[in-house]
Amino acid sequence: MSIFVNERLSLDDTSFTERFIRASGPGGQNVNKVSTAVQLRFPVGPCAALSPPVKQRLRHLAGRRLTGDDEILIQADNHRTQKANREAARRRLAQLIREALVPPVIRRRTTPSRGALARRAHSKKHRSEAKAMRKKPNPMDG
């Protein structure tokens, strides 16, 4: 079963590995006996479906989930069943890749409008006058 990222991109089962482990935390015998948690590993480098800029953004977005082997490690153990945890891990990987596919918007510097400059000057003048009223009068001024 492949991971559907968007209408143009899906990852087949050979591009990632899943391993089932025992979950930690409360849950009694179910947690102690059954391996329901899933560790999904996605190697970023060899994936031919992603372009180099997308891979770079994906590495950046992965943060601490990126291992030293250039793999994204996603662990899901919120649900009681293997199936639900597997789907949750796959959804999280697909969401991460979807975010990496969106190129960042480059901010272009603009100059403030004449009106904005006038409003700023008026505001500064008003503030200066308000602060000047708080000063003690200077006896030398007369």
Side-chain angles (χ1 to χ4, degrees), residues 1-138 140-141:
M1 187 167 121
S2 61
I3 297 177
F4 179 75
V5 177
N6 62 21
E7 45 294 325
R8 284 185 264 152
L9 178 64
S10 64
L11 303 171
D12 59 344
D13 285 340
T14 59
S15 60
F16 58 90
T17 58
E18 291 173 323
R19 197 174 114 216
F20 295 99
I21 58 172
R22 289 191 181 141
S24 62
Q29 285 185 350
N30 191 60
V31 168
N32 297 333
K33 290 167 56 177
V34 185
S35 297
T36 55
V38 65
Q39 278 187 342
L40 187 143
R41 291 179 178 271
F42 174 70
V44 179
C47 183
L50 303 176
S51 67
V54 172
K55 287 181 186 180
Q56 200 59 36
R57 287 194 297 269
L58 185 58
R59 287 182 184 104
H60 179 72
L61 287 170
R64 62 187 182 99
R65 291 175 289 204
L66 189 68
T67 66
D69 299 331
D70 199 30
E71 291 181 330
I72 295 176
L73 174 65
I74 296 177
Q75 183 166 332
D77 58 3
N78 295 345
H79 304 284
R80 288 179 58 90
T81 63
Q82 260 188 13
K83 182 181 178 185
N85 282 327
R86 172 187 267 170
E87 290 171 1
R90 290 177 177 209
R91 267 196 315 271
R92 284 170 32 198
L93 177 63
Q95 182 59 38
L96 200 63
I97 294 172
R98 255 184 245 117
E99 289 174 21
L101 287 171
V102 178
V105 177
I106 299 169
R107 184 186 179 279
R108 290 180 182 84
R109 291 184 64 176
T110 59
T111 55
S113 66
R114 213 175 319 154
L117 290 173
R119 284 189 298 274
R120 180 172 178 268
H122 177 74
S123 168
K124 286 171 74 76
K125 182 76 174 166
H126 182 73
R127 180 61 83 219
S128 171
E129 289 170 357
K131 288 186 175 191
M133 295 298 288
R134 296 181 200 147
K135 286 184 177 180
K136 289 182 180 178
N138 190 351
M140 299 304 243
D141 286 344

Point to revise | Derivation of the side chain to side chain contact (heavy atoms under 4.5 Å, CB included) call for Leu11 and Ile97 | key: CA-CA 10 Å; Leu11 303 171; Ile97 294 172; 3.4 Å; yes
Exercise for review: Please say which of Leu61, Leu73, Ile72 ends up in a side chain to side chain contact (heavy atoms under 4.5 Å, CB included) with Leu66.
Suggested key: Ile72
Check your understanding: Just by distance, do the side chain of Lys55 and the backbone of Cys47 share a donor-acceptor pair under 3.5 Å?
Key -> yes
Study note, to complete from the structure: So the salt bridge (Lys or Arg N to Asp or Glu O under 4.0 Å) pairs with at least one residue in residues 123-132 (sequence neighbours excluded) are none
Practice item. First locate atom CG of Leu96, then atom CZ of Arg91, and finally report the distance between them rounded to the nearest 0.5 Å. Key: 14.5 Å
Check your understanding: Measuring from Leu93:CG to Ser15:OG, what's the distance to the nearest 0.5 Å?
Key -> 8.0 Å
Review point. Can you tell me how far the CZ atom of Arg119 sits from the OG atom of Ser113, to the nearest 0.5 Å?
Key: 5.5 Å
Point to revise | Donor-acceptor pair, side chain of Gln75 and main chain of Val38, under 3.5 angstrom | key: no
Check your understanding: Taking everything shown except Arg19 itself, do over 12 heavy atoms lie less than 6.0 Å from its CZ?
Key -> no
Check your understanding: Is there side-chain contact between Ser35 and Ile21, with at least one heavy-atom pair below 4.5 Å?
Key -> no
Point to revise | Any donor-acceptor N or O pair under 3.5 Å, side chains Gln95, Arg98 | key: yes
Check your understanding: Do any N or O atoms from the side chain of Asp69 and from the backbone of Glu71 form a donor-acceptor pair under 3.5 angstrom?
Key -> no
Review point. Quick one: are Arg57 and Pro103 in side-chain contact, heavy atoms under 4.5 Å?
Key: yes
Review point. If you round to the nearest 0.5 Å, how far is CD1 of Ile3 from CZ of Phe16?
Key: 3.5 Å
Exercise for review: For Glu18, enumerate each residue passing the salt bridge (Lys or Arg N to Asp or Glu O under 4.0 Å) test, keeping only those at least two apart in sequence or located in another chain.
Suggested key: Arg86, Arg90
**Study point:** Ion pair Asp70/Arg59, N-O distance below 4.0 Å
**Key:** yes
Check your understanding: Roughly how far, to the nearest 0.5 Å, is CZ of Arg65 from CG of Leu58?
Key -> 9.0 Å
Point to revise | Check: Asn85 side chain, Asn78 main-chain N or O, donor-acceptor pair, under 3.5 Å | key: yes
Point to revise | From Leu9 atom CG to Leu50 atom CG, the distance as rounded to the nearest 0.5 Å | key: 6.0 Å
